[in-house]
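Each ligand, and each atom within it, is numbered from 1 in the order the structure gives. Please read these numbers as outputs of a predicted model, since none were measured by experiment. Along the sequence shown, the residues carry numbers beginning at 1.
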Amino acid sequence: MRRRKIAELLESADFGSEVTIMGWVRTKRDSKGGFSFLEINDGSTIKNIQVIAEDKLANYTKEILKLTTGCSVMVNGVLVESPGKGQRVEIQGTDVKAIGWADPDTYPLQKKKHSFEYLRTIAHLRPRTNTFGAVARIRNAMTYAIHTFFQERAFIYLHSPIITGSNCEGAGDMFKVTTLDLQSLRNEDGEVDFREDFFGKPASLTVSGQLEAEVYALALGSVYTFGPTFRAEDSNTYRHLAEFWMVEPEMAFCDLKGNIDLAEELVKSILAYALKNCKDDMGFFNRFVGKDLIATIDDIITSSFVRLTYTEAIKILSKVTEGFEFPVEWGKDIQSEHERYLCEVVFKRPVVVTDYPKEIKPFYMKVNKDGRTVKAMDVLLPDVGEIIGGSQREDDYETLLNRIKEMNLDPADYWWYLDLRKYGTVVHSGFGLGFERLIQFVTGLSNIRDVIPFPRTPKNLDF
Ligand code: ATP
Ligand code: MN
């Protein structure tokens, strides 16, 4: 018989029909009355389905009684209305078979609650827990929501490269990509001859698809990338990964305001999608992880983001006399503690900070008329801080060339990027949304290592 998904059966009213499910035993309870209750999960939903196996089944003593948490099973049975509390339907088992055993003496996921730290050491088994199953389903739903958002607005999905030859995108330290034998890399002069390497020049993993997205935006109008990005930042924080996923829209004929409008619309739209389409998983996080999670998200969807300039933000922050580790001063970057203070204490809402000093932002951001600030924008959320960074791009050839030189970069490395300003330049803008930061926010999970299947962080590559 065709295998049915538990998510579907729990919604079904097809009582009396014969069904087959396959999944893993979450718990088993043997009743004195001559039957066992099995809670089965197949990953299609956070909910389990209850199976009743009676002792009249031929393999009851030899097999069913020996089932333990973690065993995989196949169940044939009849879908019935449940007389018990807590569930609407259950399966009266007619044929319950063990597929794979899980020795209860060694299986690491017993009924007791495990710490997130411990679960990270068993990343191959943690998706079988409620939390990590829910994270995986929410990541999937949010991915769908993001593609839908852009597709409905006729953005073209662009596959930007993962290996890049420009080692100066300015967004962070890069991982090298090489086929050279690292042992014998340097010649007598202590230099590496990259002509011998695979690409004949130094290559790295990308830190952003932005520059390539600009190329396509200036031909196709509106594009977006959604792929893995890599930063070799040696920072062990709860919101940085060495490999993370980023969504990067880039729009021709769009200024900073249009850019912020799109960012706000995107964040609200995908948050609303999660609330509507991931009810069970969101309900779980609301109960066990993030206090008032759903109410907070609801608030964000229905109110507008605060927009203020960096200069205004500094004015507000410099009135705070205690509690900050990092100094607040015009010209210095806004730290995550400041970002959170603005969102959580001052405005109690998402905040968009714009027009940062040009010294603390990359060369490609459009310089304002004041000559001191650039058309940058960061979207800040409560708890996670910065979730989006973006800007209007410098579209004037001479200004861009000067900025490249000012930052001690080599214009020759950017010849194609400069060309875009030489031939048919237009006002254009874009931003990068950190997908894992978004998932952190939606789930309320405080550590970014718990919202990606296999986290890559300094000194951690066990899976
Ligand atoms: P931060 O200051 O928080 O380290 P950033 O300013 O270096 O971030 P951007 O270059 O603006 O980051 O990247 C765009 C978005 O990508 C950020 O707003 C954030 O959501 C996400 N992001 C950046 N670096 C990381 C990382 N190491 N791990 C996970 N997400 C990241
Ligand atoms: Mn940023």
Side-chain angles (χ1 to χ4, degrees), residues 139 142 146 160 164 168-175 205-211 213-214 224-250 256 259-260 262-264 266-267 270-271 305 310 313 326 332-340 342-343 350-365 374-393 429-443 445-458 460:
R139 281 184 72 100
M142 299 297 262
I146 286 164
S160 51
T164 174
C168 26
E169 287 163 18
D173 292 333
M174 304 180 90
F175 288 100
L205 293 177
T206 186
V207 293
S208 157
Q210 178 202 322
L211 304 193
E214 283 186 56
Y224 70 105
T225 73
F226 185 2
T229 43
F230 307 86
R231 297 193 185 176
E233 25 199 5
D234 198 9
S235 51
N236 259 307
T237 77
Y238 65 94
R239 38 180 240 140
H240 288 96
L241 290 164
E243 176 181 296
F244 65 100
W245 286 66
M246 188 147 63
V247 183
E248 294 183 278
E250 190 71 34
L256 185 66
N259 203 22
I260 301 171
L262 186 86
E264 180 168 346
L266 171 66
V267 170
I270 52 188
L271 289 179
F305 292 7
Y310 167 90
F326 295 94
K332 288 219 160 76
D333 211 352
I334 299 183
Q335 300 293 328
S336 117
E337 56 177 354
H338 308 137
E339 297 172 350
R340 293 189 53 178
L342 288 172
C343 291
V351 172
V352 189
V353 180
T354 63
D355 304 287
Y356 285 73
K358 67 176 180 186
E359 282 73 23
I360 58 171
K361 288 290 181 188
F363 69 93
Y364 51 71
M365 295 189 176
V374 289
K375 292 187 190 294
M377 61 104 158
D378 278 6
V379 179
L380 318 176
L381 290 187
D383 299 319
V384 293
E386 180 186 331
I387 188 172
I388 286 177
S391 68
Q392 185 175 323
R393 319 305 189 189
S429 302
F431 60 81
L433 163 77
F435 187 59
E436 282 72 25
R437 299 245 178 112
L438 175 75
I439 304 296
Q440 274 187 281
F441 184 73
V442 166
T443 57
L445 288 166
S446 56
N447 196 317
I448 198 164
R449 291 165 181 78
D450 299 326
V451 298
I452 188 164
F454 300 98
R456 274 80 180 93
T457 50
N460 172 33

**Student:** Taking ring pair (Phe, Tyr, Trp, His ring centres under 6.0 Å) as the test, write out the residues that go with Tyr356, two or more places apart.
**Tutor:**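 By the ring pair (Phe, Tyr, Trp, His ring centres under 6.0 Å) rule, Tyr356 matches Tyr310.
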**Student:** Quick one: look at His240 and ligand 1, take heavy-atom pairs under 4.0 Å, and tell me if it's side chain, backbone, both or neither.
**Tutor:**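 For His240, backbone and side-chain atoms both sit under 4.0 Å from ligand 1.
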**Student:** Can you list the atoms of ligand 1 that are under 4.0 Å from a heavy atom of Glu233?
**Tutor:**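 What qualifies from ligand 1 is 24 (N), 26 (C), 27 (N).
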**Student:** Can a non-hydrogen atom of Asp378 be found less than 4.0 Å from any atom of ligand 1?
**Tutor:**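 Heavy atoms of Asp378 never come under 4.0 Å of ligand 1.
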**Student:** Of the choices Phe441, Phe431, Phe244, which has the non-hydrogen atom that lies closest to atom 31 (C) of ligand 1?
**Tutor:**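 Residue with the shortest heavy-atom distance to the ligand atom: Phe244.
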**Student:** Out of Gln210, Arg231, Met246, who is nearest to atom 9 (P) of ligand 1 when you count heavy atoms only?
**Tutor:**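 Considering heavy atoms of Gln210, Arg231, Met246, the nearest to atom 9 (P) of ligand 1 sits in Arg231.
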**Student:** Test salt bridge (Lys or Arg N to Asp or Glu O under 4.0 Å) on Glu339 and Arg437; report intermediate values, then the result.
**Tutor:** CA-CA 14 Å; Glu339 297 172 350; Arg437 299 245 178 112; over 6 Å; no
**Student:** With respect to atom 2 (O) of ligand 1, which of Glu386, Glu243, Glu248 exhibits the smallest heavy-atom separation?
**Tutor:**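 Closest candidate by heavy-atom distance is Glu386.
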**Student:** List ligand 1 atoms under 4.0 Å from Gly389, heavy atoms only on the residue side.
**Tutor:**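 Result: 11 (O), 18 (O).
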**Student:** Within the structure, does Ile387 bring an N/O atom to less than 3.5 angstrom of an N/O atom in ligand 1?
**Tutor:**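 Yes - when backbone and side-chain N and O of Ile387 are compared with those of ligand 1, one distance drops under 3.5 Å.
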**Student:** Please give me the protein atoms (N, O or S only) lying under 2.8 Å from the Mn ion (ligand 2), ordered by chain and number.
**Tutor:**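 Less than 2.8 Å away from the Mn ion (ligand 2) sit Glu386 OE2.
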**Student:** Should the proximity of Val207 to ligand 1, defined as any heavy atom under 4.0 Å, be assigned to the side chain, the backbone, both, or neither?
**Tutor:**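 Neither; no heavy atom under 4.0 Å.
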